[in-house]
Amino acid sequence: MLATPPDFDVLIVGAGISGIGMAAHMQMKAPGHSYAIVEQRENLGGTWDLFRYPGIRSDSDMHTLGFDFEPWRHEKSIADAPAILDYLNKIVDDRGIRDKIRFGHKVISANFREDEARWHVEMEKADGSRTHLTANFLYLGSGYYDYDEPHDAGFELGDFEGQVIHPQFWPEDLDYTGKKVVVIGSGATAVTIVPSMSDKAEKVTMLQRTPTWMFARPAKDGFANFMRKILPDTLAYKITRFKNIKMQDLAFKTARNKPERVKKALYNGIEKALGPGYDKDTFTPPYNPWEQRLCLVPDDDLFEAMKSGKAEIVTGHIDTFEKNGIRLKSGELVEADIIVTATGLKLAIAGKIAVSVNDEPVDFSQRYYYKGCMYSDLPNLAVVFGYINASWTLRADINSDYVCRLLREMRSRGADVVNPVMTPRIKANIVDENIFGDYSSGYLERAKDINPKNATEYPWRLNQEYVLDRKRMASDPIDDGILVFSKAGANARQADEQLEAAE
């Protein structure tokens, strides 16, 4: 081992939900390990600080999007971005995490030197200067999409004379009072923006090429609020969280096993909100529920805006952009003063960081997930990619907990390096599977070529069953015959070359 230790035991990239969660878990479960968080923005919050479009809110309930260690105390369980940022800021301040965050530090590259058992991380500061840190372990809480560049749908805007806005770069001073607004897209962002802009706009049109399955629910969780009245916050939160996790799991599995039953329930919900005369085709996608994520309509806000005449949904394919709107291939003109292109995000792997080992670039598309947390043959690195069928934070919590267990195991063994080694025997028997199965969302389809590999059998996969994952990650032994523990400079490659635990 080198005479000089690294700057930190763990360097956490990103001060959003994933990074803050990891820091809090470390303080509770690996308190003897030093850490720092580097964040490229000037504020914490990640997604919830970046997006500023009208109505920005969670599309998961905050009793599962919240952390397992910090109760959600707000009355609304479907929360807006300011409430979520308040929650994160409270955690950071109450737990003394803020002093550990270095804002305005964008990670450019990270190179792991096996002879030193440390990552060399190069960052660019807000003024353009470069700085360097070292850490034994790297934890990527940098999210899953490109912060700098959204998905380009390739629109030729032609003669359109109005404003064109992407939700990822929302202007602070946008005045849409009395304007005709067209929001292109039918995902969660569009479903959020349309009712939120309808209060001031003359009319807001959601222009969809393909419908999305939608469901309504109250923004306030009556069960959770009642539990908080009769029980301590922590216990009430734990009970509500357990209930909501079970309900999420049941809803997803029912959709997969009995799709027609779920379709009927979704239609009934829309009919209840819009009345029996609603256009069923507008709400009928060409896929089954939960083959793409369902869109949440809290408190019927979209449906209420439609009933008032302030919002509408139009289904069609774009032909051309004209001076005062969008001409569809059907010949219909959808008038617009402002066009919002809510056409999706662009995925980025590992925060677009140039990751290498011993100066050899890492191609993540050739690595397999290990327990949805690490990558094959990539030492001392962990990552968070949340669930597609449940709240992001559920994976962030179990991954953070697992890494804390891993750090303690390394220290007990006197090991500096831990590596999920994929031996030739394992590789010869592995069977690949589409990383997201039959889940067909556009942003995932577009990223197939850059995503890591996924096997049919655990642990070499990004699983989509939280309840099972939570049990495995918490109770399966760290030393599973796959992880290889070694000291700096050692070249252990097989499980039988692992170090003995330190005396």
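Of all heavy-atom pairs spanning Thr189 and Ala342, the tightest one is CG2-CB, 4.2 Å.
Between Lys352 and Glu149 no salt bridge is recorded (no basic side-chain N to carboxylate O distance below 4.0 Å). Ion pair Asp68/Arg241 not flagged as a salt bridge, since none of the NZ, NE, NH1 or NH2 atoms sits closer than 4.0 Å to an Asp/Glu carboxylate oxygen. Under 4.0 Å is where a charged nitrogen must lie from a carboxylate oxygen, and between Arg411 and Asp9 at least one such pair does.
Within the 3.5 Å criterion, the main-chain N or O of His120 finds no donor-acceptor partner in the side chain of Asn111.
By the 6.0 Å contact criterion, NZ on Lys243 is enclosed, its count of non-hydrogen atoms from other residues, nucleotides or ligands being greater than 12. Annotation: Glu457, atom CD; neighbour count of heavy atoms from other residues, nucleotides and ligands within 6.0 Å does not exceed 12. Annotation: Arg405, atom CZ; neighbour count of heavy atoms from other residues, nucleotides and ligands within 6.0 Å is above 12. Within 6.0 Å of NZ on Lys220 lie no more than 12 heavy atoms contributed by other residues, nucleotides or ligands. Other residues, nucleotides and ligands contribute at most 12 non-hydrogen atoms within 6.0 Å of the CE atom of Met247. Counting heavy-atom neighbours within 6.0 Å of Phe226 CZ, excluding the residue itself, gives a total of 12 or less. Within a 6.0 Å sphere centred on CZ of Arg425, heavy atoms belonging to other residues, nucleotides or ligands number 12 at most.
Put simply, the side chain of Val403 reaches to within 4.5 Å of the side chain of Leu407, judged on heavy atoms. Taking the side chain as every heavy atom from C-beta outward, Val340 and Pro167 approach each other to under 4.5 Å. The shortest side-chain heavy-atom distance between Met422 and Ile430 falls under the 4.5 Å cut-off. Within the 4.5 Å cutoff, no side-chain heavy atoms of Arg228 are placed close to those of Thr240. Using a 4.5 Å heavy-atom cutoff, the side chains of Asn399 and Met473 are in contact. Residues Asn463 and Arg472 are in side-chain contact: their nearest non-hydrogen atoms beyond the backbone lie under 4.5 Å apart. Met374 places none of its side-chain heavy atoms less than 4.5 Å from the side chain of Leu381. Considering only heavy atoms from C-beta on, Tyr369 comes within 4.5 Å of Tyr375 through its side chain.
For the 3.5 Å distance criterion, the side chains of Asp480 and Tyr370 qualify, holding a donor opposite an acceptor. At a cut-off of 3.5 Å, with distance as the only test, no side-chain donor of Asp146 or Gln168 sits close to an acceptor on the other residue.
Expressed to the nearest 0.5 Å, how far NZ of Lys487 lies from CE of Met410 amounts to 10.5 Å.
Ring to ring, His25 and Phe69 are close: their centroids are under 6.0 angstrom apart.
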